[in-house]
Amino acid sequence: NASSFRDQGGVALLQVLLLSMLISLLLMQLVYTARGQLELAKEIEQRVQADLLLYSAKSEAVFSRLISPPPLRQEDLALISASTATLYQATNFLQGYTVETTLRDVAGLLPLRSPGHPLWPGTLEALGMSQTAAMRLLTELSEMQDRNTADQRFGDEPSLSSSGFQYPNAPLQTKNGLATWVMLAPSMRAKIETISHHYTRSNVNLSASPDLIAGVALGEYGKTLIDQSGGVRSDKWLIEYLEDRYGLWVDTERSNLWRLDVTVRSDALTRSARYDFYVNPRGAVPFSLVSQ
């Protein structure tokens, strides 16, 4: 009897140890699940906060364009920084987030809808394309947007783009249209996207152009005029030089079309957005968000 009692006690002890181990494993799983839920909730909260900061930067950019002409006053702004007359860049730290913004007048960029613009060849070559590759790209852009079928008077029009798609014969409608219809190396496509837009505006405002485009447009003689005048918009000789060289393709007049790039960073995530908006003339609806 004593031996049987000891055996039963040993079995009971093993059962208790096994039950304790199972309970411990369950508790560990519960703790692990709870931690995962907390991390997920934190990530969702950070994502929502980042989206709110993106929206706030967009609202501030639109408001600043509505109430004041360039240059912007830094004391009136929180997320957008007024560094120059044409390009506004900022890096702000808010509640553990880094907000980087760039606000640019789109009129200074080259139009994808007008591949015949005289600044295209030189700018593409300045980006690193060969003269042959640049002319091939511009020809393809023209073919896909000319709204024509094959015309024997001008030679046979190819039926497919370099990406293998049938030519749409319609203007580019979205910012990714170039990536859809034209085969380009990702690095070159990114460079072209930074110096171009897909809107109907065909002339380029040199006052708002990046240095690359401005350098191509001015040439050595134009640069001497800027050095002498101290600014593009104040020199009538430079304006006459641009008119003589490019006609209506290049000017120094601003547009109401603006592009805002926003990047919000925290330790856990990075959120980026681009907003293109048109500030309507006085008396109309204040602004239109034309691309997002």
Side-chain angles (χ1 to χ4, degrees), residues 84 86-89 100-147 157-158 160-219 242 246 248-251 254-255 257-263 272-278 290-292:
T84 70
T86 59
L87 177 64
Y88 314 95
Q89 293 180 318
E100 300 173 358
T101 60
T102 301
L103 179 62
R104 182 187 293 279
D105 183 354
V106 175
L109 307 180
L110 294 181
L112 287 169
R113 292 193 179 192
S114 301
H117 195 289
L119 291 184
W120 266 118
T123 303
L124 290 176
E125 291 179 37
L127 289 177
M129 295 185 74
S130 66
Q131 184 178 16
T132 302
M135 294 310 299
R136 185 187 304 118
L137 171 62
L138 296 176
T139 299
E140 192 162 15
L141 282 175
S142 178
E143 295 287 2
M144 74 167 56
Q145 300 182 94
D146 61 4
R147 296 181 178 271
E157 199 174 69
L160 300 177
S161 71
S162 59
S163 297
F165 289 91
Q166 185 174 2
Y167 281 127
N169 287 323
L172 292 174
Q173 299 291 334
T174 61
K175 62 183 179 181
N176 61 354
L178 184 66
T180 302
W181 295 321
V182 180
M183 185 71 71
L184 286 170
S187 58
M188 181 55 63
R189 184 185 304 139
K191 291 178 181 179
I192 293 176
E193 288 177 350
T194 61
I195 54 95
S196 65
H197 66 81
H198 62 278
Y199 299 107
T200 57
R201 180 183 173 91
S202 58
N203 53 327
V204 172
N205 170 18
L206 202 62
S207 297
S209 293
D211 292 340
L212 180 73
I213 296 177
V216 171
L218 294 173
L242 295 175
Y246 302 108
L248 298 178
W249 285 108
V250 179
D251 57 38
R254 293 189 175 277
S255 75
L257 184 61
W258 293 83
R259 170 170 295 173
L260 174 69
D261 288 291
V262 188
T263 299
S272 298
R274 167 174 288 178
Y275 305 98
D276 290 352
F277 57 93
Y278 181 79
V290 293
S291 179
Q292 183 171 349

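Residue numbers count from 1 along this sequence.
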(message) On a heavy-atom basis, which atom in I213 and which in G108 lie closest, and how many Å separate them?
(response) CD1-O, 3.7 Å
(message) Are P210 and R104 packed together at the side-chain level, in the sense that at least one heavy-atom pair is separated by less than 4.5 angstrom?
(response) yes
(request) Just do the side chain to side chain contact (heavy atoms under 4.5 Å, CB included) check on L206 and L218 with the steps written out, would you? (result) CA-CA 9 Å; L206 202 62; L218 294 173; 3.4 Å; yes
(message) When you measure from the side chain of S114 to the backbone of H117, do you find a donor-acceptor pair of N or O atoms at a distance under 3.5 Å?
(response) no
(message) Please find the pair of heavy atoms, one from R189 and one from V182, that lie closest to each other, and give the distance.
(response) NH2-O, 4.3 Å
(request) Please report the closest heavy-atom contact between W181 and M144, naming both atoms and the distance. (result) CB-CE, 3.4 Å
(request) May I ask you to test the L103-D261 pair for a side-chain heavy-atom distance under 4.5 Å? (result) no
(message) Can you confirm whether Y278 sits close enough to L257 that some side-chain heavy atom of one is under 4.5 Å from a side-chain heavy atom of the other?
(response) yes
(message) For a 4.5 angstrom cut-off between non-hydrogen side-chain atoms, does M129 reach L137?
(response) yes
(message) To check you understand the geometry: which heavy-atom pair defines the closest contact between L109 and H197, and what is its length?
(response) O-CD2, 3.6 Å
(request) Evaluate the side-chain proximity of E100 to V262: yes if any heavy-atom separation is below 4.5 Å, no if none is. (result) no
(request) Ignoring hydrogens and angles, state whether a donor on the side chain of S255 or D105 is under 3.5 Å from an acceptor on the partner side chain. (result) yes
(message) Looking at every heavy atom in both P115 and L112, which two are closest together, and how far apart are they?
(response) CD-O, 3.7 Å
(message) Go through it in stages, so that I can follow the logic: the residues are R201 and V106, the test is side chain to side chain contact (heavy atoms under 4.5 Å, CB included), and I'd like the CA-CA distance, side-chain angles, deciding distance and then a yes or no.
(response) CA-CA 9 Å; R201 180 183 173 91; V106 175; over 6 Å; no
(request) Mark yes or no for whether W120, through its side chain, and P111, through its backbone, hold a donor-acceptor pair below 3.5 Å. (result) yes
(request) Would you confirm whether Q145, through its side chain, and L141, through its main-chain N or O, come within 3.5 Å as a donor-acceptor pair? (result) yes
(request) Taking atom types as modelled, find out whether Y246 and N203 have a side-chain donor-acceptor pair closer than 3.5 angstrom. (result) no
(request) I would like to know whether L178 and H198 meet side chain to side chain contact (heavy atoms under 4.5 Å, CB included); could you show each step before the answer? (result) CA-CA 9 Å; L178 184 66; H198 62 278; over 6 Å; no
(request) Please say which of L119, I192, L110 ends up in a side-chain contact (heavy atoms from CB on, under 4.5 Å) with L124. (result) I192
(request) Mind checking the CD-CG spacing from E125 to L127? Nearest 0.5 Å is all I need. (result) 10.0 Å
(message) Using the rule given for side chain to side chain contact (heavy atoms under 4.5 Å, CB included), can you reason through V204 versus D251, listing the C-alpha separation, both sets of side-chain angles and the distance that settles it, and then say yes or no?
(response) CA-CA 6 Å; V204 172; D251 57 38; over 6 Å; no
(request) Check for a donor-acceptor pair, side chain of T139 on one end and backbone N or O of M135 on the other, with a separation under 3.5 Å. (result) yes
(request) May I ask you to test the T102-R259 pair for a side-chain heavy-atom distance under 4.5 Å? (result) no
